[in-house]
**Q** 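Here it is: the structure, laid out below.
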Amino acid sequence: MRTQMATEAGRTTAPSEDRALVGPNLLAVLDGVTAKPENGCEHGVGWFADQLAAEILRVAHLAPAEALAKAVEQAAELHAGTCDLDHPDSPSVAIAVVQIKDDVLRYLVLGDATVVVDTRQELRVVSDTKTQRTAGAKAADVEHALTGEIALQDVRRVALLSDGAARAVDLFNLFDWRQALELMAANGPDDLIRKMRAVEKEDAKAVDWPRQKISDDATVVYLDR
Ligand SMILES: [Zn+2]
């Protein structure tokens with residue numbers, strides 16, 4: 001199995017709030033939700049994404065939903081004493097997790113991150129762009145995650161994307177998901193981001209493709225077997 005990763009900040013003036021994890025049996029993409037001016041937290045979204053990523057790695061042996069719930073609890077403890085975790089805009093992330101264990105691929109998506117699994121028979125595209133749910137300070141939020149599992153022998157390749165990268169397909173329609181996987185197989189996931197940035201640059205006023213952020217933090221983790 002080979003894993004490749006690409007990530008690029010949406011702007012040169014601010015650090016990316018996307019994070020990517022490539023562990024021995026775990027892949028994840030975290031996308032920090034853009035902070036409101038007042039969110040009850042003195043640390044910031046980037047800090048929260050870092051802590052949650054670290055906590056997920058610590059419990060990577062658990063199934064994804066269990067691992068994420070545990071990680072959310074642990075991350076909350078790190079700033080429960082200093083910050084108002086009941087604040088509605090408390091830092092949170094959209095997240096995609098893929099765990100490969102015991103000949104099974106398990107995935108989890110919470111929020112507008114995307115997991116694409118090519119199973120030879122079908123292409124499974126998992127994302128929740130409607131509900132705006134995220135992983136923040138409450139472990140109960142993880143109950144709303146989309147989860148599933150596929151026998152590893154049926155998996156040909158898998159990609160995890162933050163919404164800033166998935167927009168190459170679901171906003172700009174540069175290619176369909178199967179073509180996107182072919183592109184990543186041939187040129188690596190950074191080529192997807194490069195091609196998308198070129199389009200974003202051409203439409204710098206968001207006229208052809210109306211969007212809030214001209215370019216967003218974009219992250220892809222791609223695995224093929
Ligand atoms: Zn905090």
Side-chain angles (χ1 to χ4, degrees), residues 5 7-23 26-99 107-115 127-147 160-167 212-221:
M5 189 189 98
T7 185
E8 188 180 302
R11 295 176 295 163
T12 53
T13 50
S16 174
E17 285 165 346
D18 279 7
R19 299 292 185 270
L21 286 179
V22 179
L26 184 92
L27 311 172
V29 166
L30 296 83
D31 175 2
V33 176
T34 303
K36 303 266 168 59
E38 167 51 46
N39 66 357
C41 173
E42 64 182 38
H43 301 92
V45 173
W47 175 89
F48 176 74
D50 285 336
Q51 308 314 310
L52 193 63
E55 297 298 339
I56 288 170
L57 263 190
R58 260 190 265 283
V59 290
H61 57 284
L62 302 174
E66 210 183 328
L68 181 57
K70 190 94 186 156
V72 164
E73 277 175 15
Q74 297 290 117
E77 266 184 34
L78 295 173
H79 63 153
T82 51
C83 306
D84 175 13
L85 303 189
D86 291 324
H87 196 290
D89 297 319
S90 183
S92 68
V93 300
I95 181 166
V97 178
V98 165
Q99 181 200 47
Y107 61 79
L108 173 150
V109 172
L110 186 55
D112 58 10
T114 300
V115 169
S127 185
D128 177 7
T129 54
K130 301 258 159 62
T131 65
Q132 299 188 322
R133 294 188 193 282
T134 52
K138 309 261 183 296
D141 295 343
V142 178
E143 288 169 18
H144 302 289
L146 306 172
T147 60
L160 297 78
L161 304 93
S162 64
D163 69 325
R167 54 160 65 170
Q212 281 195 330
K213 296 176 182 172
I214 299 303
S215 292
D216 195 3
D217 299 338
T219 301
V220 185
V221 175

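Predicted, not measured: the structure shown is a model, and the values here were computed from it. First listed ligand is number 1; within each ligand, the first listed atom is number 1.
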**Q** Apply side chain to side chain contact (heavy atoms under 4.5 Å, CB included) to D31 and V93, showing your working.
**A** CA-CA 5 Å; D31 175 2; V93 300; 5.7 Å; no
**Q** Output the atom name for the N/O/S atom of H79 with the smallest distance to the Zn ion (ligand 1).
**A**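 Of all N, O or S atoms in H79, the Zn ion (ligand 1) lies closest to ND1.
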**Q** Which of the N/O/S atoms in H43 sits closest to the Zn ion (ligand 1)?
**A**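 Going by distance to the Zn ion (ligand 1), the closest N, O or S atom in H43 is ND1.
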**Q** Rounded to the nearest 10°, what angle sits at the Zn ion (ligand 1) between SG of C41 and SG of C83?
**A**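 It comes to 120°.
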**Q** Thinking salt bridges, do D50 and R19 make one under a 4.0 Å N-O criterion?
**A**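 Counted as a salt bridge, because a side-chain N and a carboxylate O are separated by less than 4.0 Å.
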**Q** Side chains of N39 and S90: donor-acceptor distance under 3.5 Å anywhere?
**A**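 Their side chains do not contain a donor-acceptor pair, so the 3.5 Å distance test is not met.
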**Q** Angle between ring planes, H79 versus H43, binned at 30° and 60°: parallel, tilted or perpendicular?
**A**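 Plane angle over 60°, so perpendicular.
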